[in-house]
Amino acid sequence: MPIYIHNTLTNRKEEFVPQVEGKVRIYSCGLTVQGYAHIGHIRGAVLFDVIRRFFRKKGYEVIYVQNFTDIDDKIIAKAKHEGVSPASLAEYYISAYLQDEEEMGIMQADYNPRATHHIKEIIEVVEALIRKGCAYVVDGDVYFSVASFPSYGKLSKRSLDEMMIGARVEVDERKRDPRDFALWKSAKEGEPYWESPWGKGRPGWHIECSVMSIKYLGVPLDIHAGGQDLIFPHHENEIAQSEAFTGQTFARYWLHWAPVNLKGEKMAKSTGNVFIVREALKQFSPQALRLYLLSSHYRSPIDFDGEKVEEMERALERAREAEEKVDIALKGTADYSERIVELPDFGVYREQFYSALEDDFNTPRAIASYFSLVSEVGRVIDDFLPKPPTSVLLPLWSAKKLIQELKWVLGIEERRGGKEGRGIEGFVELLIKVRDKLRKQKLYELADEIRSGLGTLGIVLEDHPGGTIWRMGK
RNA sequence: GGCGGCGUAGCCAAGAGGUAAGGCAGCGGUCUGCAAAACCGUUAUACCCCGGUUCGAUUCCGGGCGCCGCCUCCA
């Protein structure tokens, strides 16, 4: 089935046709690394993690680039304030961010290019733009001339006149046009710099993304993404520079996700109204956090609500319960009678799941079909949990595979805090056996002591007709 | 002021021109030595207001009210 993507450029859903068949090339604007990542940042990363997994399941080869802008005014200011070099400050926050991503179960990008590693290429592109008459030099600064790019404003749907009115911030008299933006900024005293044909300086914002996306993905690339707040001016400027430079379409599909608000206002570093990822991970499991962020469509803003994340925690718990029951059924003794039990067709949920994602990555709908599947499985399995008839084993096994597949796409597989890799399974199972014998002898006091004792250690026991199961609690 | 978006049950959140997914919460029940979980039922005649188009609109169009984002660094 075709995939539809809402394209900011046209403001409508369009069928996605990759430039090169079977291959998707994605550039997602990463952070300016001057602090820890907050929930708003990670929303986009989680979204694209699912999008990449989805494309892979659909048989596409995916190349995903997420950059780091590791030099800018704020980084310089903060580094100065803390008495460290801008480079080491940036590196610190880059590794912190990558760590956050890993904790969140986000697959690594194919490339994480940094602005400062591409100075040479940036200078080349700026030189080319000057040669083409699209940029000009003033006192060691280089500006892009917006007037030289007639379709400027096509992404953010702003006419040049409107922007003239809007340009009310202190106008730099040296610019030919107030809307012109810096490609290269000369270094002031004490600022880090690189040598260039225009003197010592550093790249402006915007240009690094053009250069790196073209370098790693070519033009036109398939999907260029970022938060909605990047539409203007960042992406608008990227289009201008890139298309003026290459003479070709820069990106074919522009995808922008909505902000995460906190207490009704946008979460943003500049206002201090933030909830950082590493703080959130102290309170919530990465799975619940992911599911929460994916439970609204990416183009709708979210007002972050920790209670809702806890609700997701409970929903996941229930889903795990159903999976456990399937495991018990598959492991237990089958009922070898001729009893034929017809199970519903679980395959419909698979179709629902993927068709939801095909429709502009509708993760809320995909999640709904995941939960429907899990509920349905949990419901039918209750009828025969002690001894499943043999007729049911194969469908049950494929249901389990399906559950695992959908979880993988959503990225909510258990990775930490699970049973595996802790080396305690043997002990717990031994205790469960002992407790079982105690229960049979009606020595409930001792049995309960074992259960509550394990509970203190974070291990939850649940007695089912088919036997006792255990899991890691909170 | 300009551009864009949103307003669905107690809360969160999908959605189609023909009366509406999923999650959580509450209540009642089944099961259980107890507990927990699960399951069943229920809250649910839920679509901001007013016009218009239509056999029929919550879904399309116009207006109103409310909320939000961008227009300046920002994911």
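No hydrogens, no waters, no symmetry mates; every other heavy atom, side chains included, goes into these values.
- A:Arg318 has a side-chain polar atom (N or O) that falls below the 4.0 Å cut-off from OP1 or OP2 of B:C39.
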Worked check of side-chain hydrogen bond (donor to acceptor under 3.5 Å, both in side chains) between A:Thr32 and A:Asp72:
CA-CA 8 Å; A:Thr32 300; A:Asp72 90 316; 5.0 Å; no

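- Computed from coordinates, the A:Gln228 CD to B:C71 P distance equals 12 Å when rounded to whole Å.
- B:G29 and B:G23 have their C1' atoms separated by 22 Å, with the value rounded to a whole Å.
- A salt bridge is defined here as a Lys NZ or Arg NE, NH1 or NH2 lying under 4.0 Å from an Asp or Glu carboxylate O, and A:Glu317 with A:Arg320 meets this definition.
- Between B:C73 and B:A25, the distance separating the two P atoms is 44 Å to the nearest Å.
- Distance check on atom P: B:C49 versus B:U8 gives 11 Å, rounded to whole Å.
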Determine, step by step, whether A:Gln99 and A:Ser95 satisfy the side-chain hydrogen bond (donor to acceptor under 3.5 Å, both in side chains) criterion, reporting the C-alpha distance in whole Å, the side-chain angles of both residues, the deciding distance to 0.1 Å, and the verdict.
CA-CA 6 Å; A:Gln99 212 172 57; A:Ser95 58; over 6 Å; no

Please tabulate, one pair per line, each protein N/O and nucleotide N/O from nucleotides 66-68 of chain B that are separated by under 3.5 Å, including the distance.
none

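- Judged by distance alone, the side chains of A:His6 and A:Tyr298 never bring a donor and an acceptor atom under 3.5 Å apart.
- Rounded to an integer number of Å, the gap from CZ of A:Arg320 to P of B:A37 is 14 Å.
- The partner of B:A46 cannot be assigned: no Watson-Crick or G-U wobble pair with both contacts below 3.5 Å exists in any strand.
- Taking a 4.0 Å limit (strictly below) on heavy-atom distances, residues 35-48 of chain A reaches RNA chain B at A:His38, A:Gly40, A:His41.
- When distances are taken from the side chain of A:His297 to each of B:A14, B:G33, B:C39, the shortest belongs to B:A14.
- Side-chain N/O atoms of A:Asp73 and base N/O atoms of B:C73 include no donor-acceptor pair closer than 3.5 Å.
- Residues A:Gln287 and A:Tyr292 bring no donor and acceptor atom of their side chains to less than 3.5 Å of each other.
- Among the atoms of the strands shown, none is found under 4.0 Å from any heavy atom of A:Lys442.
- A salt bridge links A:Arg202 with A:Asp73: the closest approach of a Lys/Arg side-chain nitrogen to an acidic carboxylate oxygen falls below 4.0 angstrom.
- Base engagement by A:Glu462 is indicated by at least one non-hydrogen atom pair under 4.0 Å involving a base atom.
- A side-chain donor-acceptor contact under 3.5 Å links A:Arg318 and A:Ser375.
- Shown here, B:U53 forms no base pair; nothing in the strands shown gives a Watson-Crick or G-U wobble contact with both key distances under 3.5 Å.
- Checking B:G23, B:A38, B:A75 against the side-chain heavy atoms of A:Lys325 singles out B:A38 as nearest.
- The CG atom of A:Asn11 sits 17 Å away from the P atom of B:C70 (whole-angstrom rounding).
- With hydrogens and angles left out, the side chain of A:Lys74 and the base of B:C73 share a donor-acceptor pair within 3.5 Å.
- Using a 4.0 Å heavy-atom criterion, one finds that A:Asn362 contacts the sugar-phosphate atoms exclusively.
- Backbone-only engagement by A:Thr32 is indicated by non-hydrogen atom pairs under 4.0 Å involving sugar-phosphate atoms exclusively.
- Nucleic acid contact class of A:Arg299 (heavy atoms, under 4.0 Å, all strands): none.
- Remark: B:G10 base-pairs with B:C24; criterion is Watson-Crick or G-U wobble with both hydrogen-bond distances under 3.5 Å.
- When each of B:G33, B:A14, B:C24 is scored by its nearest atom to the side-chain atoms of A:Ser296, the top-ranked nucleotide is B:A14.
- Judged by Watson-Crick or G-U wobble contacts below 3.5 Å, the nucleotide B:C34 has no partner.
- The ring of A:Tyr349 has its center no closer than 6.0 angstrom to the ring center of A:Tyr370.
- In the set B:A75, B:G33, B:C24, B:G33 carries the atom at the smallest distance from any side-chain atom of A:Asp463.
- Rounded to whole Å, the P atom of B:G2 lies 47 Å from the corresponding atom of B:G26.
- Salt bridge status for A:Arg350 with A:Glu405: present, with a side-chain N to carboxylate O gap under 4.0 Å.
- The only member of A:Thr468, A:Ile432, A:Leu461 that meets side chain to side chain contact (heavy atoms under 4.5 Å, CB included) when paired with A:Arg451 is A:Leu461.
- Spacing between atom CG of A:Asp229 and atom P of B:G69 amounts to 11 Å, rounded to whole angstrom units.
- Contact check for A:Leu294 versus A:Pro364: no side-chain heavy atoms found under the 4.5 Å cut-off.
- Here B:G22 presents its C1' atom at 13 Å from OH of A:Tyr370, a figure rounded to the nearest Å.
- Each salt bridge (charged side-chain N to carboxylate O under 4.0 Å, His left out) pair with one or both residues in residues 38-49 of chain A, not counting sequence neighbours, appears once here: A:Asp49-A:Arg52, A:Asp49-A:Arg53, A:Asp49-A:Arg290.
- The residue A:Ser452 sits apart from the nucleic acid: no heavy atom pair falls under 4.0 Å.
- Residue-level contact check: A:Ser300 touches the backbone only, with heavy atoms under 4.0 Å from sugar-phosphate atoms and none from bases.
- Taking the C1' atoms as reference points, B:A57 lies 11 Å from B:C47, given to the whole Å.
- Distance A:Arg290 CZ to B:G23 C1': 18 Å, rounded to the nearest Å.
- Remark on RNA chain B: of its neighbouring residues A:Asp305 and A:Leu316, the 5'-side contact belongs to A:Asp305, judged by nearest-heavy-atom nucleotide.
- Taking atom NE2 on A:His256 and atom P on B:C70, their separation rounds to 14 Å, with Å as the unit.
- Judged by centroid separation below 5.5 Å and plane tilt below 30°, A:Phe371 does not stack onto the base of B:G22.
- Applying the Watson-Crick and G-U wobble criteria (two distances, each under 3.5 Å), B:G69 pairs with B:C3.
- Distances from the side chain of A:Phe232 to the nucleotides B:C71, B:A75, B:C40 place B:C71 closest.
- Between the side chain of A:Glu236 and the backbone N or O of A:Lys154, at least one donor-acceptor pair lies under 3.5 Å.
- What separates CD1 of A:Ile302 from P of B:G5 is a distance of 19 Å, to the nearest Å.
- Comparing A:Lys308 and A:Ala368, the nucleotide of RNA chain B nearest to each residue sits closer to the 5' end for A:Lys308.
- Using modelled atom types and a 3.5 Å distance limit, the side chains of A:Ser156 and A:Arg158 yield a donor-acceptor pair.
- The side chain of A:Arg314 contributes no N or O atom lying less than 4.0 Å from OP1 or OP2 of B:G23.
- The shortest distance between the side-chain N/O atoms of A:Arg451 and the OP1/OP2 oxygens of B:A35 is not below 4.0 Å.
- Out of B:A75, B:G23, B:C40, the shortest distance to the side chain of A:Trp257 is found at B:A75.
- Within 4.0 Å (heavy atoms only), A:Arg435 reaches at least one base atom of the nucleic acid.
- At the heavy-atom level, A:Leu230 lies under 4.0 Å from the strands shown only through sugar-phosphate atoms.
- Counting atom types as modelled, A:Arg365 pairs no side-chain N or O with a base atom of B:G15 as donor and acceptor under 3.5 Å.
- Contact annotation: A:Thr69 does not reach the phosphate of B:A75 (side-chain N/O to OP1 or OP2, under 4.0 Å).
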